[in-house]
Amino acid sequence: MITGFLGNGGGGYIASGYTFTSVDSRFDFILFKVSAEGEIEWHEIFVQHRDQYCHAMTAVPEGGYLMVGTNLVDWAAYEVNVIRTDEEGEVIWQNHYGTEMIDIDGNDRGYAITPTEDGNFVIAGETYSPDDEVNYSVLMLEIDIDGELNWMEVIDMDQNERGRAILKTMDGGFVLSGCYSEAGLSGNPLITKTDDGGNLVWLY
């Protein structure tokens, strides 16, 4: 499945997503370059011997790409999975952010990523507590170019909020979109604004 798509600048395209591979009989991140004529110039599959799903991608100003998604820890636990590559798809680093890595109290999924003005990257997704599996909350993480965590914020209004897309705003903050559940109805539209540290400004 293709979940991310970028223009290459040289007339081609970079696409990311996930694919089922026979190497480990699991889903793995995939990244490939397509020429302007539709020919595949190269592709990379990132095998980890556990299911991992790439949901988004962004270009790195210094060159290369950041892919973000979800990594299966065990049969019922997930963590945010991020891979940085160079311009040819070779891995520079890979980090997992989740319950066992940075003490986020819940199962965590990454669905969107956007660069910031100061060269960092903010990831949006969702988390839920192992003690309350029906109550999802919006998860935000900021990482630097080397994959180090700068901050983490959870937006929880007790209505099953889930983050699916993110954009930076003119004032340096962020707008997130997704969905929430209310009165037994799921899939209600959600839009929320935060400041540059992920603190809630307003929620619709």
Side-chain angles (χ1 to χ4, degrees), residues 1-74 77-98 100-102 104 108-126 139-150 152 163-168 174 176:
M1 177 178 287
I2 303 302
T3 56
F5 204 64
L6 295 171
N8 187 287
Y13 307 93
I14 297 292
S16 65
Y18 56 92
T19 185
F20 188 84
T21 65
S22 60
V23 175
D24 58 354
S25 297
R26 296 181 184 274
F27 290 97
D28 292 303
F29 278 26
I30 187 171
L31 183 71
F32 56 94
K33 181 180 179 182
V34 181
S35 70
E37 292 74 31
E39 299 293 329
I40 295 180
E41 298 184 0
W42 54 256
H43 78 278
E44 295 288 343
I45 298 174
F46 307 92
V47 177
Q48 285 204 323
H49 304 293
R50 63 179 77 180
D51 285 322
Q52 48 178 348
Y53 308 90
C54 178
H55 297 302
M57 171 183 61
T58 190
V60 176
E62 292 84 349
Y65 309 96
L66 271 177
M67 297 181 288
V68 63
T70 298
N71 185 66
L72 182 66
V73 180
D74 58 36
Y78 294 87
E79 57 193 4
V80 178
N81 188 14
V82 181
I83 297 177
R84 181 186 173 190
T85 76
D86 62 18
E87 294 178 342
E88 302 299 322
E90 296 296 323
V91 174
I92 296 176
W93 55 256
Q94 178 164 5
N95 277 355
H96 303 144
Y97 309 91
E100 296 181 354
M101 305 301 291
I102 55 172
I104 298 175
D108 316 298
R109 297 170 172 86
Y111 284 101
I113 186 169
T114 188
T116 66
E117 295 295 337
D118 54 0
N120 296 315
F121 300 87
V122 172
I123 297 164
E126 66 190 29
L139 174 68
M140 295 180 67
L141 303 170
E142 184 183 82
I143 60 174
D144 65 19
I145 192 65
D146 297 314
E148 296 296 321
L149 179 70
N150 290 335
M152 178 271 292
R164 287 295 184 271
I166 185 170
L167 289 173
K168 60 186 176 184
F174 305 95
L176 290 82

Measuring from [X]:[atom1] to [Y]:[atom2], what's the distance to the nearest 0.5 Å?
X	Y	atom1	atom2	result
E142	F174	CD	CZ	6.0 Å
I92	E62	CD1	CD	9.5 Å
I40	S35	CD1	OG	9.5 Å
L31	H43	CG	NE2	10.5 Å
D28	D51	CG	CG	8.0 Å
S16	I2	OG	CD1	7.0 Å

Exercise for review: Name the orientation class of the two ring planes belonging to Y53 and Y18 (parallel below 30°, tilted from 30 to 60°, perpendicular beyond 60°).
Suggested key: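 Aromatic pair Y53/Y18 classed perpendicular.
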For residues [X] and [Y], determine if any side-chain heavy atom of one lies less than 4.5 Å from a side-chain heavy atom of the other.
X	Y	value
Y97	V82	yes
L139	M152	yes
E90	T85	no
F121	V60	yes
F29	I83	yes
Q94	Q52	yes
L6	Y13	no

Practice item. Could you go through the side chain to side chain contact (heavy atoms under 4.5 Å, CB included) check for N120 and I145 one step at a time? Key: CA-CA 6 Å; N120 296 315; I145 192 65; over 6 Å; no
Practice item. For the residue pair Q48 and H96, confirm or rule out a side-chain donor-acceptor distance under 3.5 Å. Key: yes
Review point. Without hydrogens or angle criteria, can the side chains of N81 and T70 be said to hold a donor-acceptor pair below 3.5 Å?
Key: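 No pair is found: no donor N or O on one side chain lies under 3.5 Å from an acceptor on the other.
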Practice item. Would you check if the side chain of N95 reaches a backbone N or O of G147 as a donor-acceptor pair within less than 3.5 Å? Key: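 Pair found, side chain donor or acceptor close to backbone of G147.
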Practice item. Output yes when a side-chain donor or acceptor of D86 lies under 3.5 Å from a complementary backbone atom of E88, and no otherwise. Key: yes
Minimum heavy-atom separation for [X] to [Y], with atom names?
X	Y	value
M57	G4	CE-C, 3.8 Å
R109	V80	C-CG2, 3.8 Å
T58	P115	OG1-CD, 3.8 Å
W93	D144	CZ2-O, 4.3 Å
A112	A165	CB-CA, 3.7 Å
F5	A15	CD1-CB, 3.7 Å

Practice item. Report the C-alpha separation of N71 and Y78 in whole Å, then their side-chain angles, then the decisive distance to 0.1 Å, and conclude whether the side chain to side chain contact (heavy atoms under 4.5 Å, CB included) test is met. Key: CA-CA 6 Å; N71 185 66; Y78 294 87; over 6 Å; no
Point to revise | Residue E117 excluded, over 12 heavy atoms near CD under 6.0 Å | key: no
Review point. Stepwise, does the side chain to side chain contact (heavy atoms under 4.5 Å, CB included) test hold for F46 with V91?
Key: CA-CA 9 Å; F46 307 92; V91 174; 3.4 Å; yes
Practice item. Please test E126 against R164 for side chain to side chain contact (heavy atoms under 4.5 Å, CB included), starting from the C-alpha separation and ending with a verdict. Key: CA-CA 8 Å; E126 66 190 29; R164 287 295 184 271; 2.8 Å; yes
Exercise for review: Would you mind checking if E79 and R50 are paired as a salt bridge, meaning a charged N to carboxylate O distance below 4.0 Å?
Suggested key: yes
**Study point:** L141 and its side-chain contact (heavy atoms from CB on, under 4.5 Å) partner, picked from V122, L149, I113, N150
**Key:**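 Running side-chain contact (heavy atoms from CB on, under 4.5 Å) over V122, L149, I113, N150 with L141 returns exactly one hit, L149.
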